[in-house]
Amino acid sequence: MKLIIAGSTGFVGTEIVRQALSHPSITSVVGLARRPTPTPHNAGPHADARKFKSVVCEDFKNYTDNVKQKLAEADRSEERRVGKECGSSV
């Protein structure tokens, strides 16, 4: 499953990225934010940082073609639903 996390530099988004990197059924994690999203330093021993990509989107009302291409074929993009699937209490 490819996962997009909008607001990935925020408090909740950062936690979802951290958990998603360790979740075995999630094959790709895209962090979408206005600034680059760092890989969480406390991701844990089973985290696979290779499946993470940061995408910078300066205007959430008008995605550039480059941003659209990077987000293509995602399975999920809602923070709260994904957080619950990853075991988060958000």
Side-chain angles (χ1 to χ4, degrees):
M1 172 187 323
K2 181 176 181 179
L3 178 68
I4 297 171
I5 302 170
S8 57
T9 58
F11 181 74
V12 174
T14 300
E15 178 62 16
I16 294 172
V17 168
R18 188 187 70 76
Q19 290 187 33
L21 292 177
S22 296
H23 200 285
S25 67
I26 297 175
T27 58
S28 176
V29 179
V30 178
L32 180 65
R34 289 188 170 89
R35 58 188 164 90
T37 305
T39 303
H41 64 278
N42 61 343
H46 301 292
D48 184 357
R50 296 172 299 172
K51 58 184 181 177
F52 180 71
K53 180 190 300 187
S54 176
V55 175
V56 175
C57 180
E58 295 177 4
D59 184 357
F60 277 81
K61 292 183 180 178
N62 298 300
Y63 288 9
T64 63
D65 289 338
N66 185 41
V67 169
K68 289 177 187 177
Q69 180 183 14
K70 292 178 181 177
L71 301 180
E73 300 177 11
D75 296 315
R76 296 272 191 250
S77 61
E78 182 185 345
E79 282 187 3
R80 294 196 181 275
R81 181 186 317 164
V82 172
K84 290 183 185 295
E85 289 177 3
C86 290
S88 176
S89 61
V90 295

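Because the structure is a prediction, the values reported are computed rather than measured. Heavy atoms only: backbone and side chains are in, while hydrogens, waters and symmetry mates are out.
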Exercise. Passes side chain to side chain contact (heavy atoms under 4.5 Å, CB included), I5 versus V30? Steps please.
Worked result: CA-CA 6 Å; I5 302 170; V30 178; over 6 Å; no

For this session: Evaluate the side chain to side chain contact (heavy atoms under 4.5 Å, CB included) criterion for residues Q19 and H23: first the C-alpha distance (whole Å), next the side-chain angles of each, then the deciding distance (0.1 Å), finally the verdict.
Result: CA-CA 6 Å; Q19 290 187 33; H23 200 285; over 6 Å; no

For this session: Begin with the C-alpha distance, continue with both residues' side-chain angles, and end with the deciding distance and a verdict on side chain to side chain contact (heavy atoms under 4.5 Å, CB included) for V55 and I4.
Result: CA-CA 10 Å; V55 175; I4 297 171; over 6 Å; no

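Listed by first then second residue, pairs satisfying side chain to side chain donor-acceptor pair (under 3.5 Å) with a partner in residues 26-36 number zero, not counting sequence neighbours. Note on residues 51-61: pairs passing side chain to side chain donor-acceptor pair (under 3.5 Å), not counting sequence neighbours, are D59-N62.
P38 and P36 get closest at one heavy-atom pair: CD-O, 3.5 Å. Heavy atoms only, all atoms of each residue included: R18 and A43 are closest at CG-CA, 3.5 Å. Across F60 and A33, no two heavy atoms sit closer than the pair CZ-CA, 4.0 Å.
The distance from atom NZ of K70 to atom CG of L32, rounded to the nearest 0.5 Å, is 10.5 Å.
Of the possible polar contacts, one joining the K2 side chain to the A72 backbone as a donor-acceptor pair under 3.5 Å is found. A donor-acceptor pair under 3.5 Å is absent between the side-chain atoms of S8 and the main chain of T37, judged by distance alone.
For D48, the side chain to side chain donor-acceptor pair (under 3.5 Å) partners two or more places apart in sequence, or in a different chain, are R50.
V56 and V29 are not part of a single hydrophobic cluster, where members link through side-chain heavy atoms under 4.5 Å apart.
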